[in-house]
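Each remark here refers to the structure printed beneath this line.
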Number of protein chains: 2
Amino acid sequence: MPKGQLKGICFHPSKETKCVTCSLSSLCLPISLNFEDIDQLDKIIKRRQPLKKGEHLFHQGDRFDCVYAVRSGSIKNYAMTNDGEEQITNFHLPSELVGMDGIDCDTYPVSAKALETTTVCEIPFSRLEELAKELPELRSQILRIMSRELRDDKQMMMLLSKKNAEQRVATFLTNLSTRFKRRGYSPYTFRLPMSRNEIGNYLGLAVETVSRVFTRFQNNELIAVNGKEVHILNMDDLSELAGLPEQEPRHIEVNASTG
Amino acid sequence: MPKGQLKGICFHPSKETKCVTCSLSSLCLPISLNFEDIDQLDKIIKRRQPLKKGEHLFHQGDRFDCVYAVRSGSIKNYAMTNDGEEQITNFHLPSELVGMDGIDCDTYPVSAKALETTTVCEIPFSRLEELAKELPELRSQILRIMSRELRDDKQMMMLLSKKNAEQRVATFLTNLSTRFKRRGYSPYTFRLPMSRNEIGNYLGLAVETVSRVFTRFQNNELIAVNGKEVHILNMDDLSELAGLPEQEPRHIEVNASTG
DNA sequence: ATATAAATCTGATGTGCATCAAAAAACCTT
DNA sequence: AAGGTTTTTTGATGCACATCAGATTTATAT
């Protein structure tokens with residue numbers, strides 16, 4: 001199937017094709033690099049043609065050779081449990097790096113699949129390592145990215161072992177909201193790239209429970225939902241429900257009227 | 001506090017005080033470094049005096065400056081949830097690195113506390129980074145360690161979102177067993193450095209549930225327990241219960257007589 | 001358009017584990 | 001060794017969420 005399709009369709013190979021001009025550079029690998037260094041990084045990056053919804057970036061077990069930065073769209077990581085069930089371990093939005101957990105194996109430990117039409121930058125890992133030899137800033141940026149992922153994982157472990165269904169979904173939504181905001185989108189209105197089923201799988205809940213929590217949140221006027229479109233109506237209460245202050249310690253206004 | 005204390009007390013500053021002679025070097029940071037490189041690494045490492053049970057290596061929020069390799073004993077990582085509850089995120093055995101998730105913050109995101117008398121090697125992170133500039137092998141070893149931790153975290157997420165109480169405890173025990181074995185200890189008989197409470201906290205279970213599973217495992221003659229002493233009687237069945245093949249894909253003898 | 005499949009939602013029922021309570025054992029302290 | 005504290009174990013009860021079942025909506029195909 002992945003032969004030579006899609007030649008010359010309206011995917012602009014000229015535009016946004018360099019890190020320097022990419023709007024995501026301030027969130028992505030190039031952060032804290034100067035122009036010249038970015039240019040060097042740019043040279044080893046291949047822009048792949050867009051993945052269609054459902055297509056794989058790589059499969060669990062494939063030879064590890066590249067890491068990927070999401071440019072547009074979204075990716076889910078998942079593994080198979082030994083009883084054949086899918087377990088989603090992560091969702092990736094634009095500017096986020098995919099595949100870093102394969103570094104110390106020969107093969108990717110999880111699969112990566114496009115949730116919608118998705119473009120990525122492909123970064124051959126061996127060349128990235130070479131380049132990192134020369135660029136201390138790049139080196140520490142890679143470490144920072146991995147360390148942040150470690151922290152996010154611990155947060156996820158907390159969610160899975162201590163939070164109830166409502167808190168999980170609230171955390172999920174506010175977390176997405178924060179990430180969209182940082183990427184220049186509205187933190188209040190966005191489209192979920194994943195299904196309820198995938199949300200449940202990720203959060204350790206049954207689909208039905210996710211659905212029920214969504215309706216409960218709507219009744220409480222925390223959010224408004226229309227299919228995959230989500231509108232956050234009461235960010236304060238939703239954040240409070242989510243619990244943990246997550247990222248930057250916001251100053252917390254105590255005007256939550258929970259009843 | 002860290003002045004010039006501990007001169008000549010019976011903690012042997014001469015023995016095991018260098019990476020080259022340390023029995024853990026094949027598991028720890030020096031792996032894949034040659035003798036000269038190990039020597040360089042050795043120079044930046046400080047051996048701290050032993051921590052007593054309950055003492056902290058660092059607190060959540062402390063300024064991040066060092067990572068630590070456990071030399072003997074064991075360390076737990078934990079964070080406080082916003083409702084003041086402790087959440088254990090990791091247990092560290094000898095040769096394992098503690099504190100890597102603080103790299104991209106100014107401060108440690110979790111606390112680290114000794115579960116028993118514990119000695120560690122202190123590695124100032126800035127100096128490690130400097131050294132990594134020169135030593136490509138060290139660089140990739142650091143990446144490998146972090147990437148492995150990422151993978152372990154995903155496994156933990158799977159455990160928390162898909163496995164039941166018995167599977168969790170079985171996974172915990174076989175995982176510990178594997179790690180003890182790799183360190184040269186018996187994989188069948190070992191002492192748990194943590195309490196039932198801490199096991200439950202880590203596994204997302206109530207203490208009572210952990211206790212009950214332990215007795216059930218004893219009744220099924222999977223293990224024998226005496227306080228913190230654990231004896232694994234039927235590794236095959238225990239591993240099968242644990243589910244996921246975890247590390248190396250062992251060849252699996254199908255002689256499990258589950259009833 | 002209509003047909004068919006997939007996803008989402010809603011309700012009814014069941015269960016695995018948390019919680020509560022209290023005994024038993026292990027661990028300190030003096 | 002006695003006393004107190006903490007940890008571990010065992011039993012009884014309750015509940016949050018899973019599971020099952022079916023209705024409804026949305027997506028995809030023809």
Side-chain angles (χ1 to χ4, degrees), chain A residues 52-54 76 81 83 85-88 113 115-117 158-173 191-220 223-230 241 243, chain B residues 52-54 76 81 83 85-88 113 115-117 159-173 191-220 223-231 241 243:
Chain A
K52 281 189 286 241
K53 175 173 176 167
K76 75 168 173 183
T81 63
D83 48 323
E85 267 187 297
E86 176 176 316
Q87 165 67 44
I88 297 173
K113 192 176 187 175
L115 290 170
E116 56 196 314
T117 304
M158 291 236 222
L159 176 144
L160 290 170
S161 76
K162 288 262 185 309
K163 292 185 178 178
N164 65 24
E166 295 202 347
Q167 294 171 322
R168 292 183 196 197
V169 175
T171 305
F172 180 73
L173 291 174
R191 199 186 138 76
L192 299 171
M194 69 293 285
S195 69
R196 302 283 190 277
N197 204 340
E198 289 167 322
I199 295 174
N201 184 300
Y202 178 64
L203 294 178
L205 298 171
V207 207
E208 296 93 326
T209 305
V210 175
S211 179
R212 272 185 258 266
V213 171
F214 268 58
T215 35
R216 228 176 300 157
F217 281 1
Q218 288 194 89
N219 294 340
N220 298 341
I223 60 175
V225 180
N226 183 7
K228 307 215 182 241
E229 293 291 333
V230 172
L241 228 186
Chain B
K52 281 190 286 245
K53 176 173 177 166
K76 75 168 173 183
T81 64
D83 47 322
E85 266 187 296
E86 176 177 316
Q87 166 68 42
I88 297 173
K113 192 176 186 175
L115 290 171
E116 57 197 312
T117 303
L159 177 143
L160 291 171
S161 76
K162 288 260 186 307
K163 293 185 178 179
N164 65 24
E166 294 201 349
Q167 293 171 323
R168 291 183 197 198
V169 175
T171 304
F172 180 73
L173 291 174
R191 199 186 140 75
L192 298 171
M194 70 292 287
S195 69
R196 302 284 190 277
N197 204 343
E198 289 167 323
I199 295 174
N201 184 302
Y202 177 63
L203 294 178
L205 298 171
V207 208
E208 296 93 326
T209 305
V210 175
S211 179
R212 272 184 257 268
V213 172
F214 268 58
T215 34
R216 228 176 301 158
F217 282 0
Q218 288 193 89
N219 295 339
N220 298 341
I223 61 174
V225 180
N226 184 7
K228 304 213 183 247
E229 293 291 333
V230 172
H231 206 96
L241 228 185

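Throughout, a chain's letter reflects where its sequence line sits, starting with A, and its residues are numbered from 1.
Pairing each heavy atom of B:A170 with each of B:L241, the nearest pair is CB-CB, 4.0 Å.
Partners of B:R216 under the salt bridge (charged side-chain N to carboxylate O under 4.0 Å, His left out) rule, at least two apart in sequence or in another chain, are B:E166.
To the nearest 0.5 angstrom, B:R191 atom CZ is 6.0 Å from B:E229 atom CD. Between the CD1 atom of A:I223 and the CD atom of A:Q218 there is a distance of 5.5 Å, given to the nearest 0.5 Å. Separation of atoms CG (B:L159) and CD (B:Q167) is listed at 8.5 Å; rounding is to 0.5 Å. Residue A:M158 holds its CE atom at 11.5 Å from CG of A:L160, rounded to the nearest 0.5 Å. Note that the NZ atom of A:K52 and the CD atom of A:E116 stand 15.0 Å from one another [nearest 0.5 Å].
Within a 6.0 Å sphere centred on NZ of B:K53, other residues, nucleotides and ligands contribute 12 heavy atoms or fewer.
Among residues at least two apart or in separate chains, salt bridge (Lys or Arg N to Asp or Glu O under 4.0 Å) pairs with a member in residues 192-204 of chain A are A:K76-A:E198.
Rounded to 10 degrees, the angle separating the terminal helix axes of the helix from C:dA1-D:dT30 to C:dC27-D:dG4, each built from five base pairs, is 50°.
When DNA chain D is scanned in the 5' to 3' direction for atoms under 4.0 Å from non-hydrogen atoms of chain B, the outermost contacting nucleotides are D:dT8 to D:dA12.
Distance CD (B:E229) to C1' (C:dA25): 16 Å, rounded to an integer number of Å.
A:K228 has a side-chain polar atom (N or O) that falls below the 4.0 Å cut-off from OP1 or OP2 of C:dT8.
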Every protein N/O within reach of nucleotides 9-18 of chain C N/O, cut-off under 3.5 Å:
residue, atom, partner, partner atom, Å
C:dC9, OP1, A:R196, NH2, 3.4
C:dC9, OP2, A:R196, NE, 2.9
C:dC9, OP2, A:S211, OG, 3.2
C:dC9, O5', A:S211, OG, 3.2
C:dT10, OP2, A:T215, OG1, 3.4
C:dG11, N7, A:R212, NH1, 2.8
C:dG11, O6, A:R212, NH2, 3.4
C:dC17, OP1, B:A165, N, 2.7
C:dA18, OP1, B:G204, O, 3.4
C:dA18, OP1, B:A206, N, 3.1
C:dA18, OP2, B:A206, N, 3.2
C:dA18, OP2, B:T209, OG1, 2.2

Expected list for residues 199-211 of chain B: side-chain donor-acceptor pairs under 3.5 angstrom, two or more places apart:
residue, atom, partner, partner atom, Å
B:N201, OD1, B:I88, N, 2.8
B:N201, ND2, B:E86, O, 2.7

